[in-house]
Amino acid sequence: MCGIIGYTGHRPAVPLILEGLHRLEYRGYDSSGVCFVQNKELNVVRAKGKLTALEEKLAGMEISLATTGIGHTRWATHGEPNESNAHPHKSFAGNLSLVHNGIIENYQETKKELLAKGIQFFSDTDSEVLVNAVANELRPGVPLLEAFAAALRKSTGAYAVALLSPDEPNTIYAARHSAPLLLGVGMGENFVASDIPAFLPYTKDVVFLEDGEIVRITPTTWEVFSLATLAPVAKKAQRIQWDMQAAEKGGFRHFMLKEIFEQPSVITNCTASRIQGGSVNVPELAQKPVPSRLRIVACGTSFHAGMWAQPLFEEWAGIPTTVEIASEFRYRNPILEKGEAVLVISQSGETADTLAALRIAREKGCLVLGLCNVVGSSIAREADTVVYTQAGPEISVASTKALCSQMVVLLLMALHWGKAKGTLAPEIMQQAVAGLATLPGQLEETLPNLQTEAKNLAWRFAACKGMLFMGRGQAYPLALEGALKVKELSYIHAEGYASGEMKHGPIALIEPDFPSFILAPHDALFPKNKSNLEEVQARRGPVIALTNPPKPGFELNATHLWIIPEAWGPLGGFLQLAALQMLSYETACHLGNDVDQPRNLAKSVTVE
Ligand code: F6R
């Protein structure tokens, strides 16, 4: 999704804005631009493609005097990704410049009205309409804050916007509605941005903005107002704990690889405050009743986390649990029973479909629990109770450590509720707590071997046209995740399947150059997986079995055995997951793809 940064302070604004835009690159974009105020004039520079194209254009320009500006990375929604559709957009009269993330749904009607008034447009975007709508409200005697608010009140849809005027050369106006925007408070300098890493080198003091708030920043002041009334809103800056290293590659070739390698410490961080004295307690759940039923709603990888955890809620806590894709849930009329809780899972906390599902659940009077990574995100703020996953900033578009953190916290939640209800056998609690204590070390030791093995497999299979991933029980959602990761990073078609479904269709795909990855840990379902594997081999399809060190009764004869250490019960999933993540990573690297920013994808999907 688009990235926004606005800066006003004492430093040269343009290099700082470019640096901030680089830190927002992970959100995905296809064009970029900046607007800076110099000699009381708005200077807009935009370019199609990567930020280097913008940097090349700026290289020969005199920019050193500008200390206020706005910047944008655009992920095309209205109009193709070219220079004229790139942001910032200037008003027709040239007196305002604006960057926008989101979609203004009623822009066509506004455009008609403005065209009738003689306004001309030079792009296909809703954002250019918005900046002209603000200019249209700006009559003599009307302050810019009022004109900006008036135009926003007439706009429907989602937006995070930042606005500049040469008449107030050190001031930035900004507002948000259903799209992320934060304020960074520094010493003699202030920022607005879509995400914290954009300004993290300069300040850790953050003001989380709510929908319906509008802000005005100068180098030494920041003010928040209600969009509806323009009454001041009292807000406090919060000091966040992130450090720069967390948002940098730290010696790794890609953020994705760094984030895969961070998973052992993510597990430790997620469990640290929630396991004490050999027992689990999730403090965020303490004040709420144990739900009689649970509905998990999420998208993509977060949806797989929900699927993975479903049997744990049922077996340990005796809570009937269903898992749904948010974009489906929101467009049917789901029956939610009294006592049923809806648990929405989202790394970003901004996914439009998941947020819409949350709102539906609230309207229906359900208890809404949010499992989020991004502190202060929309889902975190709108849920009745939020449980944070504590994975730290996830920069790579493909989610890895966030899923790991979601799985840990969901497992802890199942233990917490099982204990509260008295349905959990004490030995399960003991084994889980002991297993979670050793898992980070085990994973840390295994990750380098997984990478070596994944590299070999990438060499062998990166040229194939398709791949099949299969698993049963809790390995099934991991098979889906393996296929999703291969698709999004390698652009190789991959299917994730429940092993038992093979003979109902996908077995027809099997041929000698079509690899099947089968997740066959040493569990009760091993014999079933073994016979699926034999079915594939009988049709001369290569099989890579992701399994545990051989022992009597668990023999397998596959084209390739990918041996990973055994862990207690569901914890084995964390090792399988890391193997699949490495496989997709190495395959994408082998193919020379842009690992951290795969094509057509955005990190935070704030539009439908
Ligand atoms: C895949 C991936 C996506 C996200 C999905 C939901 O690697 O990252 O499938 O999981 O877009 O995002 P969140 O969790 O932010 O709601």
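Order of appearance sets the numbers: ligands from 1, and atoms from 1 within every ligand. Owing to the predicted nature of the structure, the values given are computational and were not obtained by experimental measurement. For this chain, numbers begin at 1 and follow the sequence in order.
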- Query: Any idea which heavy atoms bring Thr322 and Arg295 closest together, and the distance?
  - Reply: OG1-CD, 3.1 Å

- Atoms of ligand 1 under 4.0 Å from any heavy atom of Ser302, numbered from 1 in the order shown, are 10 (O), 13 (P), 14 (O)

- Note on the structure: the protein heavy atom lying closest to atom 15 (O) of ligand 1 turns out to be Ser348 OG, 2.7 Å

- Please state which protein non-hydrogen atom is closest to atom 11 (O) of ligand 1 and give its distance, to 0.1 Å? Val605 CG2, 4.1 Å

- Query: Would Lys204 count as a cation-pi partner of Phe199, with NZ or CZ less than 6.0 Å from the six-membered ring centre and within 45° of the ring normal?
  - Reply: no

- Message: Could you identify the single nearest non-hydrogen protein atom to atom 6 (C) of ligand 1 and state the distance to 0.1 Å?
- Response: Cys299 O, 3.4 Å

- Enumerate the atoms of ligand 1 whose separation from the nearest heavy atom of Lys485 is less than 4.0 angstrom. 1 (C), 7 (O)

- Query: Do ligand 1 and Thr354 have nitrogen or oxygen atoms that lie under 3.5 Å from each other?
  - Reply: no

- Trace of the side chain to side chain contact (heavy atoms under 4.5 Å, CB included) decision for Thr547 with Ile564: CA-CA 6 Å; Thr547 187; Ile564 56 171; over 6 Å; no

- Note on the structure: Ser346 heavy atoms within 4.0 Å reach ligand 1 at atoms 13 (P), 14 (O), 15 (O), 16 (O)

- Answer yes or no: is there a donor N or O on one side and an acceptor on the other, between the side chain of Thr389 and the main chain of Ser405, under 3.5 Å? no

- Query: Do Thr351 and ligand 1 have an N or O pair less than 3.5 Å apart?
  - Reply: yes

- Atoms in ligand 1 flagged as close to Val397, the criterion being non-hydrogen separation under 4.0 Å: 8 (O)

- Message: Is it the case that the side chain of Gln263 and the backbone of Ile260 share a donor-acceptor pair, with hydrogens and angles ignored and the cut-off at 3.5 Å?
- Response: yes

- Among Glu488, Met256, Gln347, Glu394, closest by heavy atom to atom 1 (C) of ligand 1 is Glu488

- Is NZ or CZ of Arg599 both nearer than 6.0 Å to the six-membered ring centre of Tyr491 and within 45° of the ring axis? yes

- Task: Considering heavy atoms of the protein only, find what lies nearest to atom 2 (C) of ligand 1 and give residue, atom and distance to 0.1 Å.
- Result: Thr301 OG1, 3.7 Å

- What orientation do His72 and His87 show, parallel under 30°, tilted 30 to 60°, or perpendicular over 60°? parallel

- Quick check: does any side chain N or O of His416 sit under 3.5 Å from a backbone N or O of Val282, one acting as donor and the other as acceptor? yes

